[in-house]
Amino acid sequence: VQLQASGGGLVQAGGSLRLSCAASGRTFSNYAVGWFRQAPGKEREFVAAMARSGLNTRYADSVKGRFTFSRDNAKNTVYLQMNSLKPEDTAVYYCAAGGEYLYTIPPNYEYWGQGTQVTVSS
């Protein structure tokens with residue numbers, strides 16, 4: 001499966017962005033899906049995950065209550081709605097797919113998108 005992430009950009013603190021990740025080759029309903037981010041000089045960190053069933057989601061504490069993960073099966077696309085953005089949310093955001101459960105570490109995901117840059121100014 002090929003993943004294409006989009007929707008990043010520059011936004012002021014307190015603003016919102018919606019990231020999209022479109023899949024081709026196979027449908028998202030076959031995989032758990034995760035969002036990760038990586039800031040310069042830092043390791044890739046978990047942001048959010050959705051189980052293959054689409055019924056369960058999990059969020060990093062740092063984004064809980066501000067970010068929302070959703071899936072549109074008809075469009076074979078997942079979304080990460082990001083509200084109340086903070087400068088510390090600045091990073092390249094990656095979507096990933098693989099397996100079945102709410103994985104929080106990168107090795108559990110087999111497929112990765114190319115990343116989209118999110119920059120939050122103070």
Side-chain angles (χ1 to χ4, degrees):
V1 62
Q2 293 78 44
L3 306 179
Q4 179 73 40
S6 61
L10 174 64
V11 64
Q12 288 188 333
S16 298
L17 284 173
R18 188 178 77 159
L19 304 184
S20 301
C21 179
S24 59
R26 295 199 71 182
T27 66
F28 271 129
S29 58
N30 289 298
Y31 303 101
V33 185
W35 285 97
F36 291 78
R37 64 188 182 187
Q38 189 166 18
K42 295 187 177 181
E43 293 187 353
R44 193 166 297 189
E45 66 171 357
F46 168 74
V47 176
M50 177 178 285
R52 185 175 68 180
S53 66
L55 299 177
N56 303 101
T57 54
R58 181 173 181 176
Y59 299 91
D61 288 343
S62 59
V63 307
K64 200 172 295 182
R66 301 188 296 122
F67 290 12
T68 303
F69 199 157
S70 62
R71 187 172 83 186
D72 186 333
N73 289 332
K75 295 182 178 181
N76 207 22
T77 300
V78 298
Y79 303 97
L80 186 69
Q81 177 66 44
M82 306 187 297
N83 298 329
S84 302
L85 283 162
K86 305 175 181 180
E88 51 264 43
D89 295 318
T90 295
V92 177
Y93 283 70
Y94 298 89
C95 59
E100 183 177 357
Y101 302 114
L102 297 170
Y103 308 119
T104 62
I105 59 173
N108 286 124
Y109 292 92
E110 184 174 0
Y111 305 102
W112 289 83
Q114 85 289 0
T116 184
Q117 176 71 48
V118 171
T119 303
V120 184
S121 62
S122 57

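In this structure, Ser121 OG and Leu85 CG are separated by 10.0 Å, a value rounded to the nearest 0.5 Å. The distance from atom CZ of Phe67 to atom CG of Asn83, rounded to the nearest 0.5 Å, is 8.5 Å.
Closest non-hydrogen pair, Ser122 versus Pro87, comes out as CB-CG, 3.8 Å. Considering every non-hydrogen atom in both Gln81 and Ser16, the closest pair reads NE2-CB, 3.9 Å. Residues Ala23 and Val1 approach most closely at CB-CG2, 3.9 Å, considering heavy atoms. Of all heavy-atom pairs spanning Cys21 and Phe28, the tightest one is O-CE1, 3.2 Å. Between Ala48 and Tyr59, the shortest heavy-atom distance links the atoms CB-CD2, 3.6 Å.
A donor and an acceptor atom, one from each side chain of Gln117 and Thr119, are located under 3.5 Å apart. Remark: the Thr77 side chain and the Asp72 side chain contain no N/O donor-acceptor pair separated by less than 3.5 Å.
The closest donor-acceptor contact from the side chain of Asn76 to the backbone of Arg26 lies under 3.5 Å. Checking side-chain atoms of Gln114 against main-chain N and O of Ala5 turns up a donor-acceptor pair under 3.5 Å. Under the 3.5 Å distance criterion, the side-chain polar atoms of Thr90 are left unmatched by any main-chain donor or acceptor of Glu88. With Arg52 contributing its side chain and Gly98 its backbone, the two residues share no donor-acceptor pair below 3.5 Å. Looking only at distances, no side-chain donor or acceptor of Arg71 sits under 3.5 Å from a matching main-chain atom of Val78. Under a 3.5 Å cut-off, the side chain of Asn56 and the backbone N or O of Leu102 do not form any donor-acceptor pair. At least one donor-acceptor pair closer than 3.5 Å links the side chain of Thr116 to the backbone N or O of Gly8.
Criterion: ILVMFWY side-chain heavy atoms under 4.5 Å apart, direct or through other members. Under it, Val11 and Val92 are not part of a common hydrophobic cluster. Phe46 is connected to Tyr101 through a chain of hydrophobic side-chain contacts under 4.5 Å among Ile, Leu, Val, Met, Phe, Trp and Tyr, so both are in one cluster.
Counting only residues at least two apart or on different chains, the ring pair (Phe, Tyr, Trp, His ring centres under 6.0 Å) pairs with a member in residues 103-122 are Tyr31-Tyr111, Phe36-Tyr109, Phe36-Trp112, Tyr103-Tyr109.
More than 12 heavy atoms of other shown residues, nucleotides or ligands fall within 6.0 angstrom of atom CZ in Arg66. A 6.0 Å sphere centred on CD of Glu110 holds no more than 12 heavy atoms belonging to other residues, nucleotides or ligands.
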Apply side-chain contact (heavy atoms from CB on, under 4.5 Å) to the pair Val33 and Phe69, showing each step before the final yes or no.
CA-CA 10 Å; Val33 185; Phe69 199 157; 3.8 Å; yes
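Checked options Leu80, Val63, Leu19, Val118; the residue passing with Arg37 is Val63 (criterion: side chain to side chain contact (heavy atoms under 4.5 Å, CB included)).
Note on Lys86 versus Asp89: no salt bridge recorded, every NZ/NE/NH1/NH2 to OD/OE distance being 4.0 Å or above.
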